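What follows is one structure encoded as structure tokens, with my remarks underneath.
Values in this document were obtained by computation on a predicted structure and should not be read as measured data.
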Amino acid sequence: MRLPDFIIGGAPRAGTTWLYELLDRHPDVYMAKPVKPEPKFFLRDDLYAKGLGHYSQTWFAAADPGRVAGEKSTDYLESAPAAARIARDLPHAKLVFILREPVDRAYSNYLWSRMNGLETESFADAIRMEEQRERELPDRWRFTRPFSYFSRGLYADLLEPYFNRIMDHQILVLRYEDIRERPAELAGSLHRFLGVPARPGDADGLGVINPSIPEPNGPDECVERVRRELIERYAEPNRRLAALLGPSFPMWS
């Protein structure tokens with residue numbers, strides 16, 4: 001039964017699809033297809049109940065024995081039950097997470113929800129209403145959580161269940177900003193972590209994948225005010241993230 005050697009587990013709106021496309025270019029890597037819809041096997045109770053055999057046959061039956069196999073399910077990061085299931089069922093698998101400056105991530109998530117017709121509130125109202133909307137979320141959105149703008153940036157809280165259950169050397173945490181600033185270096189680091197030959201040139205020409213459509217006239221003063229408030233709210237969670245990941249993960253200024 002073929003199971004993944006690694007999983008890209010989040011965060012949403014932080015470059016996970018870019019990582020998928022990067023790895024899909026590597027001849028020694030097999031990525032579960034299609035990229036959408038994502039497997040979400042360890043996230044959704046109904047899928048998990050079908051068993052590892054179903055997961056293997058659905059997503060990895062075509063994986064060549066000599067290639068490293070992986071999948072991408074962006075919402076695993078925000079699920080402690082998914083962390084427990086992965087640790088139990090795939091004890092030797094490697095986990096890849098990519099994080100984005102949380103205020104930028106929150107606003108990108110908001111724009112994505114607007115772009116897809118899910119969001120009608122202003123950014124300020126959406127942030128203010130987030131906890132209430134989470135409590136009242138319809139079942140059909142339980143695993144997409146389109147209004148979870150702030151909470152998805154509490155990275156230390158989200159990563160903790162994984163670090164508590166999985167060995168540190170099996171977890172790689174990357175920075176979204178490096179996709180723009182040093183993509184070849186990021187590609188090489190990821191390849192080496194997965195144990196395949198580094199091919200930094202695979203990052204060439206990937207560009208921005210799955211972007212949110214920005215506001216036509218750019219962020220207004222209200223959006224900028226909310227962003228400043230969010231920077232203050234994230235200050236303490238970011239300090240905890242820095243303590244969790246250590247100096248190898250450069251924090252956002």
Side-chain angles (χ1 to χ4, degrees), residues 3-26 28-32 35 38-39 41-43 63 67-80 82-102 105 152-203 206 209 238 240-252:
L3 293 171
D5 302 292
F6 70 92
I7 290 173
I8 300 170
R13 311 307 307 158
T16 57
T17 306
W18 191 93
L19 296 181
Y20 179 103
E21 297 295 342
L22 171 75
L23 291 174
D24 201 40
R25 291 182 169 191
H26 199 295
D28 296 333
V29 176
Y30 174 85
M31 293 302 299
V35 63
E38 297 176 333
F41 173 77
F42 296 101
L43 178 69
R67 300 167 77 188
V68 173
E71 64 121 312
K72 175 184 81 77
S73 292
T74 311
D75 299 319
Y76 284 160
L77 174 59
E78 57 203 60
S79 172
R85 289 167 172 174
I86 291 169
R88 179 174 60 247
D89 295 336
L90 304 175
H92 304 295
K94 296 180 178 181
L95 277 295
V96 178
F97 301 105
I98 184 165
L99 309 182
R100 183 177 187 173
E101 194 283 320
R105 198 224 65 81
R152 277 179 164 156
L154 301 173
Y155 300 133
D157 295 340
L158 301 178
L159 285 168
E160 188 174 5
Y162 286 90
F163 278 99
N164 285 344
R165 293 173 172 86
I166 297 169
M167 299 293 288
D168 289 5
H169 70 268
Q170 292 174 236
I171 300 175
L172 177 66
V173 181
L174 301 169
R175 297 171 78 253
Y176 166 86
E177 291 73 18
D178 290 339
I179 292 176
R180 297 179 181 275
E181 297 169 7
R182 47 184 71 85
E185 182 178 329
L186 184 153
S189 296
L190 178 56
H191 291 154
R192 287 187 290 271
F193 173 72
L194 297 180
V196 298
R199 289 166 48 106
D202 283 356
L206 275 178
I209 297 174
N238 282 350
R240 289 191 284 110
L241 179 66
L244 176 67
L245 299 182
S248 63
F249 186 89
M251 292 298 296
W252 308 279

#### Entry: For the student: nearest non-hydrogen atoms of Met251 and Ala242, plus distance
CG-CB, 3.7 Å

### Query
Which atom names give the shortest non-hydrogen contact between Arg175 and Ile98, and what distance separates them?
C-CG1, 3.8 Å

### Message
I need the minimum non-hydrogen distance between Ala82 and Tyr162, along with the two atoms involved.
### Response
CB-OH, 3.8 Å

### Query
Backbone N or O of Ala93 within a donor-acceptor pair of the Gln170 side chain at under 3.5 Å?
yes

### Summary
Closest non-hydrogen contact found for Ile7 with Pro4 is CG1-CG, 4.4 Å

### Message
For the CE atom on Met167, are there more than 12 heavy atoms of other groups (residues, nucleotides or ligands in this structure) within a distance under 6.0 Å?
### Response
no

### Task
Decide yes or no on side-chain contact (heavy atoms from CB on, under 4.5 Å) for Asp24 and Val35, but give the supporting numbers first.
CA-CA 10 Å; Asp24 201 40; Val35 63; over 6 Å; no

#### Entry: Atom of Arg165, atom of Ala87 and distance for their closest heavy-atom approach
CB-CB, 3.8 Å

### Task
Rounded to the nearest 0.5 Å, what's the gap from CG on Leu206 to OG1 on Thr17? Could you check?
11.5 Å

### Task
Determine whether Ile179 and Leu174 make a side-chain contact, defined as any pair of heavy atoms from C-beta on separated by less than 4.5 Å.
no

### Query
For the residue pair Trp252 and Tyr155, does the interplanar ring angle fall in the parallel (under 30°), tilted (30 to 60°) or perpendicular (over 60°) class?
tilted

### Task
Output the distance between atom CG (Asp28) and atom CZ (Arg199), rounded to the nearest 0.5 Å.
8.0 Å

### Message
Taking Tyr176's backbone N and O only, do any of them form a donor-acceptor pair with Arg100's side chain (distance below 3.5 Å, no angle check)?
### Response
no

### Task
Nearest 0.5 Å please: distance from the CD atom of Glu78 over to the OG1 atom of Thr74.
9.0 Å

#### Entry: Distance (rounded to the nearest 0.5 Å) between Leu190 CG and Asp178 CG
12.0 Å

### Task
Could you walk me through whether Phe163 and Leu245 pass the side-chain contact (heavy atoms from CB on, under 4.5 Å) test, one step at a time?
CA-CA 10 Å; Phe163 278 99; Leu245 299 182; 3.9 Å; yes

### Task
Determine whether Val29 and Phe6 make a side-chain contact, defined as any pair of heavy atoms from C-beta on separated by less than 4.5 Å.
yes

### Message
Keeping Arg105 on the side-chain end and Ala14 on the backbone end, is there a donor-acceptor pair under 3.5 Å?
### Response
no

#### Entry: Straight-line distance of His169 NE2 to Phe193 CZ, nearest 0.5 Å
8.5 Å

### Task
Let me see the working for Met31 and Leu22 under side-chain contact (heavy atoms from CB on, under 4.5 Å), right down to the final yes or no.
CA-CA 10 Å; Met31 293 302 299; Leu22 171 75; over 6 Å; no

### Message
Working to the nearest 0.5 angstrom, can you tell me the gap between Glu71 CD and Leu23 CG?
### Response
12.5 Å

### Query
Looking only at heavy atoms, what is the nearest atom pair of Ala11 and Leu77, with distance?
CB-CD2, 3.7 Å

### Query
Looking at His26, Arg192, His191, which one forms a side-chain contact (heavy atoms from CB on, under 4.5 Å) with Pro197?
His26

### Message
Set out, in order, the CA-CA distance, both residues' side-chain angles and the distance that settles side-chain contact (heavy atoms from CB on, under 4.5 Å) for Ile209 and Tyr20, then state yes or no.
### Response
CA-CA 10 Å; Ile209 297 174; Tyr20 179 103; over 6 Å; no

